[in-house]
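Have a look at the structure below, then the notes.
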Amino acid sequence: MKKIGFLSFGHWSDHPAYKTRTASDTLLQSIDLAVAAEEIGLDGAYFRVHHFAAQLGSPFPLLSAIGAKTSKIEIGTGVIDMRYENPMYMVEDSGAADLISGGRLQLGISRGSPEQVIDGWRYFGYELAEGESDADMGRRKALEYLELLKGVGFAEPNPYPMFPNPPGLLRLEPHSEGLRERIWWGAASNATAVWAAENGMHLQSSTLKYDESGKPFHVQQAEQIRLYKEAWKNAGHQREPRVSVSRSIFALVTDQDHYYFGQEANRVDKIGFIENNRRAVFGRSYAAEPDKLIEELARDEAIQEADTLLLTIPNTLGVEYNVHVLSSILEHVAPGLGWR
């Protein structure tokens with residue numbers, strides 16, 4: 001059995017072929033898609049967060065709205081760039097969204113990279129501490145957020161408050177019990193995957209990672225996951241770790257599927273650079289008739305290591321078609337792989 005969710009980048013553009021012409025289209029369709037995904041039996045609705053782009057950028061209003069209109073599906077991000085975040089305000093926002101959903105948030109956070117603008121976090125009012133890199137800042141803010149999520153009081157109360165205070169130091173409100181244990185870290189390297197395990201975060205591994213061995217993408221990603229699980233065990237955490245991988249997977253069952261994604265059938269891993277002088281390997285897409293797709297996916301080592309699979313979707317093609325894409329995987333592919 002495997003949890004299966006979708007991951008949407010939330011694009012919009014005034015393009016004649018797009019169903020999402022505006023930000024409003026994308027936000028409202030994201031809610032509708034999450035509701036429909038729950039109805040067909042999908043396990044998760046996840047959203048990418050990008051700033052300075054015609055894509056989803058402020059996750060908590062969206063997650064809250066989905067939480068209010070659904071009852072079972074996990075609701076998450078993949079990932080929130082912590083360089084742009086105020087950890088204290090994020091505790092309040094995420095706590096409220098989690099309570100609205102009844103404790104269904106699965107928040108993916110990370111350092112985040114690349115960006116649409118140069119050092120975009122500076123426009124949000126943040127600066128590096130002395131001797132700190134932006135990666136260091138992202139991890140520092142992540143640890144601050146995790147600490148605050150514990151709900152331990154730290155603020156000295158006003159002796160003459162507007163409203164009566166409980167005894168002792170005050171914490172941020174609203175506090176959502178259990179959210180601390182549902183935070184994931186998006187890791188592009190083996191080292192950050194180990195760091196995530198040591199700090200008690202679940203692991204999100206996407207369709208790219210730093211090329212650390214020259215091996216095929218899925219093999220390197222499987223090795224990363226095994227290192228993470230070993231580090232989690234060594235850290236002595238008293239709960240089970242979770243691991244998600246994301247993939248572009250399309251079952252070609254209609255003429256429309258072949259028209260949109262038939263050219264993806266022979267895709268292979270690609271090599272590129274997401275940072276200066278840092279080589280990365282980008283995982284292939286999968287598109288084929290269901291029987292062939294089952295054979296190909298069975299050989300993907302990283303998918304076998306993960307308990308959660310996030311299917312990246314073409315959100316610009318609209319809710320109806322994306323429900324078809326997701327239903328095709330659930331009906332024609334997942335049973336053949338033992339995921340259902």
Side-chain angles (χ1 to χ4, degrees), residues 10 23-24 27-28 30-31 34-35 38 44-47 49 51 56-112 120-129 132 137-185 199-202 237-239:
S24 177
L27 287 162
L28 294 174
S30 295
I31 298 168
V35 170
E38 180 175 85
Y46 288 74
F47 300 91
V49 180
H51 301 286
L56 297 171
S58 53
F60 295 111
L62 176 61
L63 300 180
S64 297
I66 292 172
K69 298 199 72 171
T70 58
S71 60
K72 296 180 294 185
I73 197 167
E74 294 182 340
I75 311 163
T77 51
V79 291
I80 298 172
D81 187 336
M82 292 303 294
R83 296 174 297 182
Y84 288 78
E85 295 298 320
N86 176 325
M88 290 196 180
Y89 203 82
M90 186 174 168
V91 166
E92 295 182 342
D93 276 354
S94 59
D98 195 45
L99 291 170
I100 289 170
S101 74
R104 288 182 284 130
L105 256 58
Q106 302 285 341
L107 289 183
I109 65 175
S110 191
R111 164 261 185 108
W121 37 270
R122 294 187 187 276
Y123 295 98
F124 279 55
Y126 301 117
E127 296 291 339
L128 302 178
E132 187 178 51
M137 179 175 68
R139 288 189 287 270
R140 170 174 56 80
K141 288 188 173 187
L143 294 178
E144 291 173 8
Y145 175 61
L146 294 177
E147 186 64 26
L148 291 167
L149 280 178
K150 294 178 181 178
V152 177
F154 63 92
E156 189 71 32
N158 185 346
Y160 306 105
M162 182 178 295
F163 308 106
N165 280 325
L169 300 177
L170 301 183
R171 68 185 183 186
L172 293 168
E173 300 288 355
H175 173 68
S176 185
E177 191 70 36
L179 179 56
R180 167 62 180 84
E181 297 183 355
R182 286 179 274 113
I183 306 302
W184 305 58
W185 183 262
N199 287 283
M201 289 182 280
H202 302 302
H237 302 303
Q238 299 303 305
R239 53 193 170 92

Examine distances only and state if a side-chain atom of [X] and a backbone atom of [Y] form a donor-acceptor pair shorter than 3.5 Å.
X      : Y      : answer
Glu38  : Lys72  : yes
Arg83  : Arg111 : yes
His202 : Leu107 : no
Gln106 : Gly76  : no
Arg180 : Lys150 : no

Exercise: identify the closest heavy-atom pair between [X] and [Y]:
X      : Y      : value
Gly120 : Tyr84  : CA-OH, 3.2 Å
Leu105 : Arg182 : O-NH1, 2.8 Å
Gly57  : Val49  : O-CG1, 3.2 Å
Thr77  : Pro59  : CG2-CB, 3.8 Å
Ile73  : Ala34  : CD1-O, 3.9 Å

Exercise. When you look at Asp81 and Trp121, which way does the side-chain contact (heavy atoms from CB on, under 4.5 Å) test go after all the steps?
Worked result: CA-CA 9 Å; Asp81 187 336; Trp121 37 270; 5.8 Å; no
Exercise. Excluding sequence neighbours, so at least two apart, what forms ring pair (Phe, Tyr, Trp, His ring centres under 6.0 Å) with Tyr46?
Worked result: none
In the structure I gave you, are the side-chain heavy atoms of [X] and [Y] within less than 4.5 Å of one another anywhere?
X      : Y      : value
Leu148 : Tyr145 : no
Asn86  : Tyr126 : yes
Arg139 : Asn199 : no
Phe60  : Glu92  : no
Ile31  : Ile66  : yes
Leu149 : Ser94  : yes

About how many Å separate [atom2] of [Y] and [atom1] of [X], when rounded to the nearest 0.5 Å?
X      : Y      : atom1 : atom2 : result
Asn165 : Leu170 : CG    : CG    : 4.5 Å
Asp93  : Leu172 : CG    : CG    : 11.0 Å
Met88  : Lys141 : CE    : NZ    : 12.0 Å
Leu62  : Leu27  : CG    : CG    : 6.0 Å
Ser110 : Ile80  : OG    : CD1   : 11.0 Å
Ile100 : Ile75  : CD1   : CD1   : 10.0 Å

Seminar exercise, completed: The complete set of side-chain hydrogen bond (donor to acceptor under 3.5 Å, both in side chains) pairs with one or both residues in residues 61-71, sequence neighbours excluded, reads Thr70-Arg104
For this session: Inspect the surroundings of CZ in Phe154 and state if more than 12 heavy atoms from other residues, nucleotides or ligands are less than 6.0 Å away.
Result: yes
Exercise. Can the ring centroids of His51 and Phe124 be said to lie less than 6.0 angstrom from one another?
Worked result: yes
Seminar exercise, completed: salt bridge (charged side-chain N to carboxylate O under 4.0 Å, His left out) filter on Glu177, not counting sequence neighbours, yields none
